[in-house]
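Side-chain atoms are counted along with the backbone in the values below, which use heavy atoms only and exclude waters and symmetry mates.
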Amino acid sequence: MEIIRSNFKINLHKVYQAIEEADFFAIDGEFSGISNGPSVTALTSGFDTPEERYQKLKKHSMDFLLFQFGLCAFKYDHTDSKHVTKSFNFYVFPKPFSRSSPDVKFVCQSSSIDFLASQGFDFNKVFCSGIPYLNQEEERQLREQFDEKRSQANGAGALAKCPVTIPEDQKKFIDQVIEKIEDFLQSEEKRSLELDPCTGFQRKLIYQTLSWKYPKGIHVETLETDKKERHIVISKVDEEERKRREQEKYTKEQEELNDAVGFSRVIHAIANSGKLVVGHNMLLDVMHTIHQFYCPLPADLNEFKEMAICVFPRLLDTKLMASTQPFKDIINNTSLAELEKRLKETPFDPPKVESAEGFPSYDTASEQLHEAGYDAYITGLCFISMANYLGSLLSPPKMCVSARSKLIEPFFNKLFLMRVMDIPYLNLEGPDLQPKRDHVLHVTFPKEWKTSDLYQLFSAFGNIQISWIDDTSAFVSLSQPEQVQIAVNTSKYAESYRIQTYAEYVGKKQKGKQVKRKWTEDSWKEVDRKRPHMQGPCYHSNSFTAAGMLGKRTLSPDPREAALEDRESEEVSDSELEQTDSCTDPLPEGRKKSKKLKRMKKELSLAGSVSDSPAVLFEVPDTW
């Protein structure tokens, strides 16, 4: 179902209903670009740490706009043994709803726009009909402005006993307005008077003057023409009618503010449901969704992890799932389109799927790729096929695996890290993997060098892998760690390039950070010394504590143990697993610190979720 600004409000209840009924959701986003700085290759270096990848994406990708959001809700029909889907394709655009609302700046990347245009993407629907939105801080500020404006209006009525002081250069203008109003009030035919458009300051003077001169008998309001010109309209009313119009105005302004929150209400509903959210290579989708509709991304990776879990308590990345045993050996290509095709073939069994009544169906044969709603739909199909394949390995086999099954728990809250050679995922619920990388070298060289120059430099060391950092540096991975010191020694007398071990590179980088941190702390101490009555800065630790990673496990489950645990997970009733909060309630406002984030996490989690004990059936491997 296509949702734009004009039909968003009337269809919002259908979105809420789909979210309430669903077993799980699949999401996807389309963006105005990927990187505003380095090339995509440099943005996704093969030896990034999770912290480095997060910082790169935060710095170079968040200025783009997520302008199409796909949501597909899946509900299993036990009677007919089929999945019923409700797909939504939202066009999103931050249209300011008033002069005081945020005027969002964003950037576009020509290659991304060109690609989407080649796929038939309708940009007019984004810019002309996109659904507005506000993040929570923007919503809070606008509501405060609205309340302050009403307070000032009420205060103006109380202070109306005193005449307002009119600046000399505005006296003639105000006198002319008063003359028009006097003529209007003496006329028995006219019920309203439209004044000519004027400046905001002049309108303020008019309001203040009329509140003093005509405390009763008229109603004053500001309207906007089609040309965005604002003018004042004065109507003859009795006191009862005036109060009724004031209430109508208040109600209308509240509705407009709720409309301005717009698409963010959908994100609030998904978050408050606490249900499984599935995506494909979804790190950017999650980051953009939080940044655009919730609050700006935090500087610290651990704080981002906690924030992500608060907004989406359970995430599953199908690209990571397909790249992991037992799928890795039987799936050669994990791109979404190819994965969907592969999962229709043996040994997989494509699920039986049907669109709900009133919802258009997608035909996978037509491949409507890069429409967010369609991509979300086939992402959900891929998840179902892979989850059911895991069920087929049990004894006895289980043909339909629930989104709450322990079979899929090992894949929860691990987001695929694209092109990282030895860290397959970002772990949202604990510490990330830390491979040794004792076979990796950091090389600096002239800007003119190409990949062929690096291959020539290391030609004596056999097979190598090159991962560019920027125009003058790269990581080089050797096949044998014992060759590392030999390569380092060869560069001691070189003038055009330098080679150091990965450990040396990391050590120097950390030392540079410590020096910078020490400088900052010393600067604050100097400030405190000079201004002793000023309270110093408060640094709040927000580190994420968790049990250490388990060792690599086999992906061949014990059939009896697996079947028993899967049955236990299915015994939990649906009513116990439903979220008690209304899906329309927004998340707590603003960006939260560690303690508040943990409380939010508790509030947003499922009321009767299954045990938090670690899954023992499968384990996402520690190495690529």
Side-chain angles (χ1 to χ4, degrees), residues 26-28 34 40-41 43-48 53 72 115 119 278-285 315-351 353 362-371 374-394 397 399 401 407-408 410-412 414-426 433 435 451 462-468 477 479 552-557 617-624:
I27 65 169
D28 183 74
I34 300 296
V40 175
T41 302
L43 188 68
T44 55
S45 172
F47 289 102
D48 281 342
R53 178 61 60 85
C72 188
F115 173 76
Q119 301 295 311
V278 178
H280 188 82
N281 197 12
M282 67 188 304
L283 177 56
L284 261 183
D285 296 288
L315 294 168
L316 186 144
D317 195 323
T318 52
K319 189 169 182 72
L320 176 66
M321 195 174 184
S323 304
T324 305
Q325 297 292 4
F327 305 104
K328 185 178 180 181
D329 291 339
I330 51 180
I331 297 176
N332 296 323
N333 190 332
T334 60
S335 67
L336 183 57
E338 294 304 316
L339 179 62
E340 187 270 333
K341 293 176 184 176
R342 177 66 184 91
L343 293 174
K344 291 179 179 178
E345 303 170 352
T346 306
F348 304 102
D349 187 16
V353 181
Y362 283 116
D363 179 11
T364 56
S366 65
E367 291 193 354
Q368 295 171 252
L369 293 169
H370 305 292
E371 179 193 285
Y374 176 79
D375 286 356
Y377 169 72
I378 63 174
T379 295
L381 297 185
C382 291
F383 163 68
I384 295 170
S385 294
M386 289 190 287
N388 289 347
Y389 178 76
L390 294 179
S392 72
L393 301 178
L394 301 177
M399 293 299 100
V401 174
L407 280 172
I408 58 174
F411 301 102
F412 284 175
K414 296 179 175 70
L415 305 185
F416 184 78
L417 288 176
M418 187 170 65
R419 295 177 181 161
V420 178
M421 296 180 183
D422 51 6
I423 306 178
Y425 58 85
L426 174 69
L433 303 178
T451 301
N463 292 330
I464 64 169
Q465 287 183 310
I466 299 172
S467 180
W468 286 80
S477 172
S479 58
K552 181 176 179 179
R553 299 188 184 185
T554 175
L555 289 175
S556 300
L617 304 181
F618 299 93
E619 186 67 29
V620 177
D622 290 353
T623 57
W624 200 221

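The closest donor-acceptor contact from the side chain of N333 to the backbone of E338 lies at 3.5 Å or more, if one exists at all. Under the 3.5 Å distance criterion, the side-chain polar atoms of R342 are left unmatched by any main-chain donor or acceptor of T334.
Here the OG1-CD1 distance, from T318 to I378, works out to 9.0 Å after rounding to the nearest 0.5 Å. For the atom pair OG of S477 and CD1 of I466, the computed distance is 10.5 Å after rounding to the nearest 0.5 Å. Note that the CZ atom of R53 and the CE atom of M418 stand 6.5 Å from one another [nearest 0.5 Å]. Atoms OG1 and CE, from T324 and M386 in turn, are 9.0 Å apart once rounded to the nearest 0.5 Å. With rounding to the nearest 0.5 angstrom, the CG atom of L316 is 6.5 Å from the CZ atom of F412. Note: L336 CG to T379 OG1 = 4.5 Å, rounded to the nearest 0.5 Å.
The shortest side-chain heavy-atom distance between P326 and L390 falls under the 4.5 Å cut-off. With a 4.5 Å cut-off on side-chain heavy atoms, S467 and M421 count as touching. At a threshold of 4.5 Å between non-hydrogen side-chain atoms, the residues L433 and P424 count as touching.
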Stepwise side chain to side chain contact (heavy atoms under 4.5 Å, CB included) check, V401 with F383: CA-CA 10 Å; V401 174; F383 163 68; over 6 Å; no

Would S323 and Y425 count as a side chain to side chain contact (heavy atoms under 4.5 Å, CB included) here? Give the steps. CA-CA 10 Å; S323 304; Y425 58 85; over 6 Å; no

Are L343 and L381 close enough, and set up right, to give a side chain to side chain contact (heavy atoms under 4.5 Å, CB included), and what steps lead you there? CA-CA 9 Å; L343 293 174; L381 297 185; over 6 Å; no

Dump the intermediate steps for side chain to side chain contact (heavy atoms under 4.5 Å, CB included) on D422 and F47, then the final yes or no. CA-CA 8 Å; D422 51 6; F47 289 102; 4.1 Å; yes

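Here the closest non-hydrogen pair linking A26 and G380 is CB-N, 3.7 Å. When every heavy atom of D317 is checked against every heavy atom of F416, the shortest pair comes out as OD2-N, 3.1 Å. Annotation for Y362 and E371: closest pair OH-OE2, 2.5 Å, computed over non-hydrogen atoms. Heavy-atom minimum distance, L43 versus D48: O-OD2, 3.6 Å. Residues P397 and M399 come closest through the heavy atom pair CB-CE, 3.4 Å.
Checked against side chain to side chain donor-acceptor pair (under 3.5 Å), S385 has no partners two or more places apart in sequence or in another chain. Taking D28 as the reference, E30, D285, A372, D375, A376 meet the side-chain contact (heavy atoms from CB on, under 4.5 Å) condition, with sequence neighbours excluded.
Heavy atoms from other residues, nucleotides or ligands lying under 6.0 Å from CG of N463 number 12 at most.
Ring geometry, Y389 versus F348: the interplanar angle falls from 30° to 60°, so the pair is classed tilted.
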